[in-house]
There are 2 protein chains.
Amino acid sequence: MHLRCVDCGERHPPALLYACARCGGVLEVAGESGLAAPADPSLRDSMWRDAARLGVLEARHIVSMGEGQTPMRRAPRLEAALPGFRGEIWLKDETRNPSGSFKDRLVSAGLSKALELGARGVVCASSGNAGASTAAYAARAGVPAVIVVPAHTPAGKVTQIAAHGAVLLLVEGHYSRSYDLARGLAERHGFANLTTTFLNPWAVDALKLAGLEIMERLGGVAPDAVLVPTGSGPLVKGVAQGLGLAGAAARLVAVQAAGCAPIVRAFEAGEAAVTAWDMPRTIASGISDPLIGYERDGTYTLRLVRNSGGLAVAVEDDALRRAMRDLARLEGVYAEPTGASPVAALRQMLAAGQLAPEARVVCMITGHGFKDGAAFAEMPARTHRVADPEDLAAVARLCDHALAEKD
Amino acid sequence: MHLRCVDCGERHPPALLYACARCGGVLEVAGESGLAAPADPSLRDSMWRDAARLGVLEARHIVSMGEGQTPMRRAPRLEAALPGFRGEIWLKDETRNPSGSFKDRLVSAGLSKALELGARGVVCASSGNAGASTAAYAARAGVPAVIVVPAHTPAGKVTQIAAHGAVLLLVEGHYSRSYDLARGLAERHGFANLTTTFLNPWAVDALKLAGLEIMERLGGVAPDAVLVPTGSGPLVKGVAQGLGLAGAAARLVAVQAAGCAPIVRAFEAGEAAVTAWDMPRTIASGISDPLIGYERDGTYTLRLVRNSGGLAVAVEDDALRRAMRDLARLEGVYAEPTGASPVAALRQMLAAGQLAPEARVVCMITGHGFKDGAAFAEMPARTHRVADPEDLAAVARLCDHALAEKD
């Protein structure tokens with residue numbers, strides 16, 4: 001097992017290393033631990049069922065709260081709601097992870113390996129979800145955590161991070177400023193950096209299991225496309241890699257917010273390299289990442305998307321709100337704006353003829369609606385105050401009226 | 001399969017019936033469907049793996065989002081934090097259900113059976129969690145839902161219910177007023193009543209699987225005690241019943257909030273019957289149920305607790321806050337006040353000598369911290385604003401200071 005640069009191919013020893021020492025490129029884990037399947041039922045019911053495929057060498061270093069092995073279901077009412085669609089929509093429900101987002105996969109793997117390599121504390125720059133995950137797992141492991149997030153991070157995420165006792169730094173400005181600060185702090189404190197861009201190869205490595213789970217759930221038949229909410233893009237890589245491990249492939253669709261779409265911009269312009277985005281502006285906090293200073297992450301993701309025959313798609317905030325409503329009202333799935341973005345992209349791609357009406361697609365629902373209640377609280381709802389509950393006839397009339405409303 | 005009165009033993013046909021027609025007592029499901037294990041992997045990964053033990057006769061009526069089969073883990077850091085404790089604490093993490101609480105078990109079973117019995121809509125009175133669950137499952141099934149909650153229900157729960165498109169009625173006053181209104185509306189609209197007191201036997205029946213899961217996880221060796229957050233008490237029954245199905249038993253501890261503790265009051269006074277509570281006042285919204293008009297539910301729960309050799313325990317709001325912190329900061333588990341109440345009770349029972357220091361106990365963590373972010377937001381935290389992230393030395397000093405803080 002070693003680390004390998006995805007750009008120049010250089011090999012590095014299995015350490016806490018965050019970029020290729022030769023060319024500065026993205027590192028990935030090459031090889032597997034071969035660790036025996038854990039005896040502990042709690043681990044067997046988590047992604048650590050496949051511990052052999054991950055980087056941790058000794059089971060005692062594993063920090064787990066039952067992450068991964070998330071449900072994946074058909075979305076029949078959503079399928080029926082998309083004009084002309086005759087295919088299959090599958091929702092890979094990553095909201096069901098311990099802290100409410102797919103970040104738990106990265107953090108469980110990254111923290112476990114960091115502890116194995118001797119780390120005594122962790123730092124994480126985050127738009128909120130990775131920070132909440134890191135704070136929770138660090139609490140479980142009993143190690144100190146410093147979480148760095150943009151000051152405008154949704155309250156639900158900030159409260160969650162603080163609850164787990166982490167030191168929480170709120171930084172003015174966009175995500176890349178938090179990213180830089182976390183790198184500096186990790187170095188100065190000698191803490192492991194669990195920032196969930198492509199920075200930590202041990203963390204990113206675990207996402208391949210999400211791809212494997214998709215293939216297992218579909219009985220080994222690859223989907224036509226997988227739609228992935230995309231900031232810098234580790235989940236795009238994970239899905240591609242997991243499908244590949246199962247001997248399969250699919251079109252990868254990187255979904256970004258129109259207000260922060262550096263990868264989409266490069267894709268549409270036919271550029272080979274991604275350039276940073278100046279002024280992120282979107283309700284999708286989870287993918288609001290301008291990539292300033294680590295544009296190479298985006299370029300790598302762009303390459304993966306192109307190699308798959310897929311595409312990069314930008315969706316407007318209004319389309320995100322509609323997708324959130326669709327998921328919540330048609331399928332009972334409560335997702336934050338970022339988590340609903342694949343559904344927004346799906347509607348748009350169908351309308352634009354970018355997806356065959358009979359396609360079988362998987363949407364990665366990455367984060368829970370609880371994370372950003374404010375985004376829902378402002379939507380129209382059928383909520384009424386009842387001053388006199390004993391006047392049953394009047395309340396029943398109110399109900400009849402509300403039930404008949406189209407909204 | 002039929003319905004049976006737990007008080008007078010009268011048998012009733014398997015219908016949408018909410019109380020014994022003879023004596024008004026609590027009904028339970030007697031018998032099992034014997035339904036074959038479902039072929040659908042999504043169902044096999046849910047509590048419907050045990051469909052044979054539930055009341056639904058045809059798999060096509062099942063409405064599922066992967067509820068049940070929740071993780072159960074040891075809590076080593078919490079164990080170490082309890083003075084003199086030498087036993088085992090297991091957390092049954094019901095926050096991991098689809099809508100974030102154990103109510104999904106009841107609602108999945110209750111809604112599925114209601115649809116099988118011909119219902120075309122559902123009503124649910126709730127302190128928030130059962131309402132959110134009902135709204136989500138009704139959305140998934142495509143049937144109308146009317147949710148009735150107290151006006152002071154935490155914002156996180158209200159937002160969640162509204163997001164799923166349910167008609168939401170906010171009723172002034174305590175929970176029992178919502179309960180009465182829901183009964184009236186269900187009758188008038190001809191909708192099934194999914195209120196998760198002991199009202200709907202098809203819903204309550206599913207909770208026995210939680211007890212079975214506990215026994216499975218412990219390798220068939222019964223715990224000494226199971227601590228259960230308790231409003232009216234269906235989960236107390238479910239745990240007792242599930243343990244019984246596995247040929248086991250444990251002391252059942254009904255945990256209530258000191259500000260709404262009708263069952264504890266009767267238990268401590270040695271009364272045979274529970275009387276209603278006048279003025280509920282607690283941060284634990286999920287168990288703030290005065291039982292006005294359905295005191296028999298409480299009496300039944302009291303009987304179950306006594307028969308098990310267990311007890312009923314009341315915890316103050318400050319103890320709840322401490323338990324929330326303990327769970328979040330020691331074990332990485334983010335639970336709302338009600339969900340943390342077993343941990344508060346555990347500390348109290350140990351101090352009072354009501355539990356052996358070497359006991360093996362299971363805490364039912366019933367609801368997610370997201371449900372009531374406000375309860376966390378007001379706690380002290382190690383959160384700091386960073387105006388100038390480029391002054392790394394200054395930020396590192398701030399971090400050092402924050403990391404050294406005891407809080």
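We name chains A, B, ... by the order of the sequence lines, and we start the count at 1 in each one.
No side-chain donor-acceptor contact under 3.5 Å links A:R140 to the backbone of B:L330. Between the side chain of B:H164 and the main chain of A:R329, no donor-acceptor pair closer than 3.5 Å is present. Judged purely by atom type and a 3.5 angstrom limit, A:R73 uses its side chain to pair as donor or acceptor with the backbone of B:M65. No donor-acceptor distance shorter than 3.5 angstrom exists from the side chain of B:H384 to the backbone of A:L169, with no hydrogens or angles considered.
For the residue pair A:S42/B:R217, the side-chain donor-acceptor check at 3.5 Å is satisfied.
Annotation: maximal heavy-atom pairing with chain B below 4.5 Å, among A:D40, A:V386, A:D388, occurs at A:V386. Contact count against chain B (heavy-atom pairs under 4.5 Å) is highest for A:A163 among A:A136, A:A374, A:A163. Each of A:T95, A:L78, A:L185, A:I147 has some count of heavy-atom pairs under 4.5 Å with chain B, and the biggest count is that of A:L185. Among A:A151, A:G142, A:G373, A:G369, the residue making the largest number of heavy-atom pairs under 4.5 Å with chain B is A:G142.
For B:R120, the CZ atom counts as loosely surrounded, since its 6.0 Å shell holds 12 or fewer non-hydrogen atoms of other residues, nucleotides or ligands.
Nearest approach of B:A396 to A:R188, heavy atoms of both residues: CB-CD, 3.3 Å. Taking each heavy atom of B:A141 and A:R77 in turn, the nearest pair found is C-CD, 4.3 Å. Residues B:T159 and A:A377 come closest through the heavy atom pair CG2-N, 3.8 Å.
Ring pair B:F370/A:F370 is parallel by interplanar angle, where below 30° counts as parallel and above 60° as perpendicular.
Salt bridge status for B:D93 with A:R96: absent, with no side-chain N to carboxylate O gap under 4.0 Å.
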